[in-house]
Q: 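Here it is, the structure in full.
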Amino acid sequence: MIFTNDKAIYIQMADRLCDEILAGKYKDDDRIPSVREYAVLLEVNTNTAVKAYDELARANIIYNKRGLGYFVTKGAKKQILKERKQAFMKEKLPELFRQMQLLDISMDDVVGVYNSLQDDKG
């Protein structure tokens with residue numbers, strides 16, 4: 001994984017695991033990689049992975065079964081979607097609209113690009 005400088009590495013790791021849950025790689029009550037496995041996979045210090053898992057456990061995205069490992073909390077995908085949608089609407093969308101206005105990009109322009117991207121998928 002390539003990390004950026006805009007967020008702490010453990011937050012980026014937590015975000016990646018949330019992305020994997022959203023993508024369906026891990027479903028409710030699925031076991032996720034151990035802290036050590038995830039640290040090795042992403043080539044980070046185990047302590048960093050521990051912080052990521054602690055963050056996700058505090059957010060009730062994952063839970064620990066002592067001796068068995070970490071598992072996805074029931075309803076985690078729905079919770080992640082709700083939180084990310086709220087963050088997008090509050091943090092990203094206002095800046096996007098500001099840039100659209102500065103660059104004179106209309107909603108019709110955006111819809112046209114969106115539709116062409118959808119056509120490319122199918």
Side-chain angles (χ1 to χ4, degrees):
M1 178 172 178
I2 299 184
F3 296 102
T4 62
N5 291 325
D6 63 335
K7 287 188 208 176
I9 290 174
Y10 79 95
I11 297 291
Q12 293 177 65
M13 291 177 67
D15 286 347
R16 177 188 165 130
L17 198 49
C18 286
D19 289 347
E20 292 172 343
I21 292 168
L22 289 175
K25 183 172 182 178
Y26 304 112
K27 296 175 179 45
D28 289 354
D29 294 315
D30 279 356
R31 184 183 177 281
I32 61 172
S34 72
V35 170
R36 282 192 184 94
E37 290 168 341
Y38 215 54
V40 168
L41 176 70
L42 300 183
E43 299 176 347
V44 299
N45 185 294
T46 303
N47 293 330
T48 304
V50 167
K51 284 179 75 172
Y53 277 50
D54 285 347
E55 180 75 18
L56 291 171
R58 271 193 300 279
N60 205 29
I61 301 297
I62 62 174
Y63 64 94
N64 187 7
K65 285 187 183 178
R66 196 172 289 274
L68 296 175
Y70 283 92
F71 295 79
V72 177
T73 302
K74 187 172 182 144
K77 182 175 181 174
K78 187 175 180 180
Q79 180 183 336
I80 295 165
L81 276 171
K82 180 182 175 187
E83 291 172 6
R84 287 201 176 173
K85 283 180 183 180
Q86 287 174 344
F88 180 82
M89 296 295 196
K90 184 179 176 185
E91 299 163 13
K92 305 278 187 196
L93 212 48
E95 175 59 18
L96 177 67
F97 287 146
R98 188 181 80 76
Q99 289 293 322
M100 286 174 61
Q101 187 175 20
L102 287 172
L103 299 171
D104 194 29
I105 297 172
S106 72
M107 287 303 289
D108 289 339
D109 295 334
V110 173
V111 169
V113 171
Y114 177 82
N115 288 336
S116 70
L117 291 172
Q118 295 304 308
D119 290 344
D120 291 345
K121 284 184 179 178

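FYI, the numbering just counts along the sequence from 1. Predicted, not measured: the structure shown is a model, and the values here were computed from it.
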Q: Grouping I, L, V, M, F, W and Y whenever their side-chain heavy atoms are under 4.5 Å apart, do Ile62 and Leu41 come out in a common cluster?
A: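 Yes.
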Q: Take a 6.0 Å sphere around CZ of Arg36 and say whether it holds more than 12 heavy atoms from other residues, nucleotides or ligands.
A: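 Counting other residues, nucleotides and ligands, CZ of Arg36 stays at 12 neighbours or fewer.
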Q: What distance do Asp29 atom CG and Tyr63 atom OH have between them, rounded to the nearest 0.5 Å?
A: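 Reported value, rounded in 0.5 Å steps: 3.5 Å.
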Q: Quick check on the hydrophobic clustering: are Val110 and Leu103 connected, directly or via other members, by side-chain heavy-atom contacts under 4.5 Å?
A: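 Same cluster: Val110 reaches Leu103 through Ile, Leu, Val, Met, Phe, Trp or Tyr contacts under 4.5 Å.
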Q: What's the spacing between Gln79 CD and Leu81 CG if we round to 0.5 Å?
A: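 Between Gln79 CD and Leu81 CG, I get 10.5 Å after rounding to 0.5 Å.
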Q: With a 4.5 Å limit on heavy-atom distance, are the side chains of Glu37 and Val40 in contact?
A: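 No; the side chains remain at least 4.5 Å from each other.
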Q: Backbone N or O of Ala76 within a donor-acceptor pair of the Thr73 side chain at under 3.5 Å?
A: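 Looks like no, no N/O pair under 3.5 Å.
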Q: Run through Lys85, Gln86, Arg84, Lys78 and flag the one making a side chain to side chain contact (heavy atoms under 4.5 Å, CB included) with Lys82.
A: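 The passing option is Gln86.
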Q: Please determine whether residues Phe97 and Met89 belong to a single hydrophobic cluster, defined as Ile, Leu, Val, Met, Phe, Trp and Tyr linked transitively by side-chain heavy-atom distances below 4.5 Å.
A: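 Phe97 clusters together with Met89.
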Q: Using the rule given for side-chain contact (heavy atoms from CB on, under 4.5 Å), can you reason through Lys77 versus Ile80, listing the C-alpha separation, both sets of side-chain angles and the distance that settles it, and then say yes or no?
A: CA-CA 5 Å; Lys77 182 175 181 174; Ile80 295 165; 5.6 Å; no
Q: In terms of side-chain heavy atoms, does Asp109 have a donor or acceptor partner in Ser106 at a distance below 3.5 Å?
A: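 There is such a pair (donor and acceptor under 3.5 Å, judged by atom type) between the side chains of Asp109 and Ser106.
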Q: Does a sphere of radius 6.0 Å around CG in Asp104 hold more than 12 heavy atoms from other residues, nucleotides or ligands, not counting ones at 6.0 Å or beyond?
A: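 Counting neighbours around CG of Asp104, 12 or fewer heavy atoms of other residues, nucleotides or ligands fall under 6.0 Å, so no.
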Q: Group every Ile, Leu, Val, Met, Phe, Trp and Tyr by side-chain heavy-atom contacts under 4.5 Å, then state whether Val111 and Val113 land in the same group.
A: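 Not linked; separate clusters.
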Q: Is atom CD of Glu95 surrounded by more than 12 heavy atoms (other residues, nucleotides or ligands) closer than 6.0 Å?
A: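 Yes, enclosed.
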Q: Show which side-chain atoms of residues 46-61 pair as donor or acceptor with protein atoms under 3.5 Å away, not counting sequence neighbours.
A:
residue: Tyr53; atom: OH; partner: Pro33; partner atom: O; Å: 2.5
residue: Glu55; atom: OE1; partner: Arg58; partner atom: NH2; Å: 3.1

Q: Could you walk me through whether Glu20 and Leu17 satisfy the side-chain contact (heavy atoms from CB on, under 4.5 Å) test, starting with their C-alpha distance in whole Å, then the side-chain angles of each, then the deciding distance to 0.1 Å, before giving a yes or no?
A: CA-CA 5 Å; Glu20 292 172 343; Leu17 198 49; 3.3 Å; yes
Q: Can you measure from CG (Leu42) to CD1 (Ile2) and round to the nearest 0.5 angstrom?
A: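 One gets 12.0 Å once the value is rounded to the nearest 0.5 Å.
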Q: Can you hop from Val35 to Phe71 via hydrophobic side chains spaced under 4.5 Å?
A: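 No, Val35 does not connect to Phe71 through the hydrophobic network.
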Q: First locate atom CZ of Arg16, then atom CZ of Phe3, and finally report the distance between them rounded to the nearest 0.5 Å.
A: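 The CZ atom of Arg16 sits 8.0 Å away from the CZ atom of Phe3.
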Q: Would Gln12 and Thr4 satisfy side-chain contact (heavy atoms from CB on, under 4.5 Å), going step by step from the backbone distance to the final call?
A: CA-CA 8 Å; Gln12 293 177 65; Thr4 62; 3.3 Å; yes
